[in-house]
Amino acid sequence: IKIKDIVRENNKYLNTLGIITTIREITTKNNELMAFATLVDDSSEIELVFFPRVYSTVNLEINKIVMITGEKSLSKDKSIQIIVNSINKI
């Protein structure tokens with residue numbers, strides 16, 4: 001599914017393809033690493049959230065094409081984001 005179509009997508013779970021353009025790591029209150037990343041395709045961009053359980057199993061790289069499987073969610077500022085369940089490099 002294209003990123004611009006995620007807003008209208010009724011399914012909570014989805015797959016999308018794109019290029020990771022930014023990665024921002026943070027440390028949680030439990031002293032675990034998690035990350036926020038930006039995924040871009042030819043239609044738009046969206047924020048990805050990697051909670052510690054998933055983030056500890058992946059090696060994120062900027063400018064790599066990836067397939068994301070995740071859950072559509074609203075951020076604190078009410079923008080749509082994807083909570084990542086899995087990521088595969090293409």
Shared hydrophobic cluster for V58 and L33 (ILVMFWY, side-chain gaps under 4.5 Å): yes
Reported CD-to-CD1 distance for the pair E45 and I3, which is rounded to 0.5 angstrom: 8.0 Å
4.5 Å side-chain heavy-atom contact, I46 and I82: yes
Residue list, salt bridge (charged side-chain N to carboxylate O under 4.0 Å, His left out) with K2, at least two apart or on another chain: D42
T69 side chain to N85 side chain, donor-acceptor N/O pair below 3.5 angstrom: no
L74 reachable from F50 in the ILVMFWY side-chain graph, under 4.5 Å edges: yes
Joint hydrophobic cluster, M34 plus I62, side-chain heavy atoms closer than 4.5 Å: no
Heavy-atom pair of closest approach, residues V84 and V54: O-CG2, 3.4 Å
Co-membership, hydrophobic cluster, residues Y13 and I1, 4.5 Å side-chain: no
Identify each donor-acceptor pair in which a side-chain atom of residues 17-26 lies under 3.5 Å from a protein atom, sequence neighbours left out, and give them as a table.
unit_1 : atom_1 : unit_2 : atom_2 : d
T22    : OG1    : T38    : N      : 3.4
T22    : OG1    : T38    : OG1    : 2.7
E25    : OE2    : Y55    : OH     : 2.5

Heavy-atom neighbours of I65 CD1 exceed 12 at 6.0 Å: no
side-chain hydrogen bond (donor to acceptor under 3.5 Å, both in side chains) contacts in which one or both residues fall within residues 26-36, not counting sequence neighbours: none
Donor-acceptor under 3.5 Å (S56 side chain, P52 main chain): yes
Separation of I6 CD1 from S43 OG (nearest 0.5 Å): 8.0 Å
Any donor-acceptor pair under 3.5 Å from K89 side chain to N59 backbone: yes
Crowding at NZ, K64 (>12 non-hydrogen neighbours, <6.0 Å): no
From CD (Q81) to CZ (F36), nearest 0.5 Å: 7.0 Å
CD1-CD1 distance between I87 and I68, expressed to the nearest 0.5 angstrom: 3.5 Å
Heavy-atom closest contact (L14 atom, K72 atom, distance): CD2-CB, 4.0 Å
